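First the structure, in the form of structure tokens, and then the observations on it.
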2 protein chains.
Amino acid sequence: MLTSSQQQLLRVISQSGPSSRTVLAASMGLSKAAMSGIARDLISLGVLRETETIYGQGRPSILLDLHPEGAFFVGISLLEDPAPLVLSDFNGNIVARQTMPLSRDPDVIAEMIADTLPKLLAEQESADGKLSGLGVALSGFVDEKQASCVKSTLLGWQDVPLAGIIRQKTGIDTFIENDAKAVAVSEKLFGSARDVRNFSVVSFGNGIGCAHFVGGKLYRGNHGGAGEIAHCTIEPNGSPCRCGKRGCLDTVASLKAIKEMAKAEGLACQSLNDLETEASLGNAVAIRILHRAGSALGLAIAHLIQFNDPGLILITHVEGRFDGLFGTVMRQAAEANVLPRYAGQTPIRTQRVDTDVWARGAASIAAHNFLIGPNPN
Amino acid sequence: MLTSSQQQLLRVISQSGPSSRTVLAASMGLSKAAMSGIARDLISLGVLRETETIYGQGRPSILLDLHPEGAFFVGISLLEDPAPLVLSDFNGNIVARQTMPLSRDPDVIAEMIADTLPKLLAEQESADGKLSGLGVALSGFVDEKQASCVKSTLLGWQDVPLAGIIRQKTGIDTFIENDAKAVAVSEKLFGSARDVRNFSVVSFGNGIGCAHFVGGKLYRGNHGGAGEIAHCTIEPNGSPCRCGKRGCLDTVASLKAIKEMAKAEGLACQSLNDLETEASLGNAVAIRILHRAGSALGLAIAHLIQFNDPGLILITHVEGRFDGLFGTVMRQAAEANVLPRYAGQTPIRTQRVDTDVWARGAASIAAHNFLIGPNPN
DNA sequence: CAGTTAAGTTCAGAAAATGAACAAAGATGC
DNA sequence: GCATCTTTGTTCATTTTCTGAACTTAACTG
């Protein structure tokens, strides 16, 4: 196990990127002498390495960065069938990939993982003995310890201690997390939100997920429900939602909702792109649907900005485009519904991601726990 | 200055209340031996004291608590004229009070404070030499260092480095803060949110303010704007707001808005209480106004719950009542617009406070900085 | 009243961080 | 081209902080 100073150093590097010993010492409030020793230990452990040399006035500084092969993590997504398993290095690169059939039985899942792990590790020799954690992403609510699934409609679960079951079968430190929160962590650790302390990730797909980073840490909420924007009321007295309320964001702006509205209106559109094309050709129905969905998502994002004042809103999407009518209306609505003084102050970035986002996010949950530990006070 | 362990101990006690050395050692991850020494030092400094003795099996434990006279803080509210100055002890009790005329000139304010301070301190002899900080609460945005007012419409300020000016004139460590955020800090340190890590305070008055505590820390947002729920769009295409948008919560649910709506409808109501009385007598207009306001506030609170999943919503109000139609509708709307699964899971507590809330909150900002320091990583 | 239990203290030694001096490595100026 | 300057990073003795184990204290238990 690493000392607290060593963990802190890893955390600082993972947050601010490669840095010199002197800079790191200053940002951790330690002396250069102390930093020298800590860095030496972590380098000899193979966790850190020296990368670039920066020339300036005086002696050049040598940047320290996480050694990509310092630790490896497994990430599994329970959102698809077959379920992907990926092996990620310390820089978040996927170095191996397998799949396994999805099951709803926790014991079967653990068994499958234990069976598939050797195949995954065989793909990357250098990972031998350096597997430092396993993460699972799923749709649903997860408890604070990231050990137990409190509730998952998709999997039909209630209070399933999945992490413990997998840990027992595989012998590897295991943590589970909600899908959107896992994506947020991977964006923070390895993605485009590395240097932002406060941000929200909105994952746009058939459902709409969201997760917040506050003060450089994932904020899970008191019941693990922080970020559940899909069921905020956006159209009072709107259409009924499967959750029991009416006018939820999910009923208007999710990919599934958009497709269903198109179908209900008799449009032969299979995808958001089709609908965008129709709209650009002047189809009034397509325009109306996209307008309605874009306004709703934009309003929800405006609320997010007003309530939490994040430094970045990152919208990740597997399907669809955000450069058409839908995206434009969304941005306009977001701008129009925040304090005019703040309009344009919060960057809204959209990012197309591949279908391994969830598995990669799951792996980053394991990395996060390795880097930051369970409870950093 | 205190060592970081000493600060941490004070922070833990201020968060979890009086505790024995053994319990404190465990919760800080230190040995009993280390705790023994740290506690001894702080007791001899007069900052901690032994209070109750708890008898159980074995040697009784002695609870340690902040010494009420261990440190004193001054709090000043710039929200009223005359502006109140209060002296608070380490337990958040107000032990002295003065007022001074309000000014919009920072130099004059600092001058007035410097003049009034001796009078305030004279009221409490034991505070002599133990004044450990000064806090100022104001309406507007404050920078991250709690030193400079970025913007205050009420005071007509833009980038006013008030803390520095006051510090120079008085020689006392000074911090400024937004009014709602100051109240949140005082509820966390001394009030009813002591043991809640995640909560939001909604301050209801002529304006509507809000502040979040996340992970036991005040969350200020990336531009200091976290919690600005007053200008979230609650009635799309609603009445124009002074901020430039339409349908802001502030235009429907603030005390000022309610009174103005009543006046515009020709009701002779001076206060929320009058309006409640009218409503209870069956006045349809009063009922409609209260319904609209309560629904709006409830919807905003529902959004707050959906977005951030806090452990507590604390509504503080100087005027008005929350046990009438307005409060009932507010609660119903809040419940009806969160995921049914979560309805009722988040306590919504209302709390009537006196007009010294702001000054008390300001003092707690100083206490917070004394206890926790400027930047606890 | 002896035995048990748990809180808090003491003290030697270990661990971690500091400060100051110094070595290293390149930029700068004449 | 060479001495000088500037800044990074290391070394090491010293100081600070924490730990572990033994011990003292002060109850409760039967």
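Reminder, nothing fancy here: chain letters follow the sequence lines and each chain counts from 1. The basis for the numbers below is simple: all heavy atoms, side chains too, and nothing from hydrogens, waters or symmetry mates. All of these numbers come straight from a predicted model, not from anything done at the bench.
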Would you mind telling me which of [options] lies closest to the side-chain atoms of [X]?
X     : options                : value
A:A34 : C:dA17, C:dT10, D:dT10 : C:dA17
B:A33 : C:dC11, C:dA7, D:dC12  : C:dC11
A:S5  : C:dC11, C:dA17, C:dT18 : C:dA17
A:S31 : C:dT18, D:dG9, C:dG8   : C:dT18

**OP:** Report yes or no: is the cationic atom of A:R167 (NZ for Lys, CZ for Arg) under 6.0 Å from the centre of the six-membered ring of A:F175, at an angle within 45° of the ring normal?
**Re:** yes

Could you tell me whether the side chain of [X] and the main chain of [Y] form a donor-acceptor pair under 3.5 Å?
X      : Y      : value
A:N91  : A:N93  : no
B:D309 : A:H223 : yes
B:S44  : B:L42  : no

Requested in this report: Verify whether the ring centers belonging to A:F370 and A:F73 lie closer than 6.0 Å.
Outcome: yes

Gap between atoms [atom1] and [atom2], on [X] and [N] respectively (whole Å):
X     : N      : atom1 : atom2 : result
A:R21 : D:dG9  : CZ    : C1'   : 7 Å
B:I38 : D:dT16 : CD1   : P     : 15 Å
A:Q6  : C:dA16 : CD    : C1'   : 12 Å
A:L2  : C:dA16 : CG    : C1'   : 16 Å
A:M28 : C:dT18 : CE    : C1'   : 15 Å
A:L30 : D:dT10 : CG    : P     : 14 Å
A:L24 : D:dT10 : CG    : P     : 12 Å
B:K32 : D:dT17 : NZ    : C1'   : 19 Å

inquiry  = Around atom CD of A:Q168, are there more than 12 heavy atoms from other residues, nucleotides or ligands closer than 6.0 Å?
reply    = no

* To do: Check whether more than 12 heavy atoms from other residues, nucleotides or ligands sit under 6.0 Å from atom CG of B:D159, and answer yes or no.
  => yes

Expected list for residues 50-66 of chain A near DNA chain C, using heavy atoms below 4.0 Å, is A:Y55, A:G56, A:Q57, A:G58, A:R59, A:P60

It should be established whether B:T3 places a side-chain nitrogen or oxygen under 4.0 Å from OP1 or OP2 of nucleotide D:dT17. no

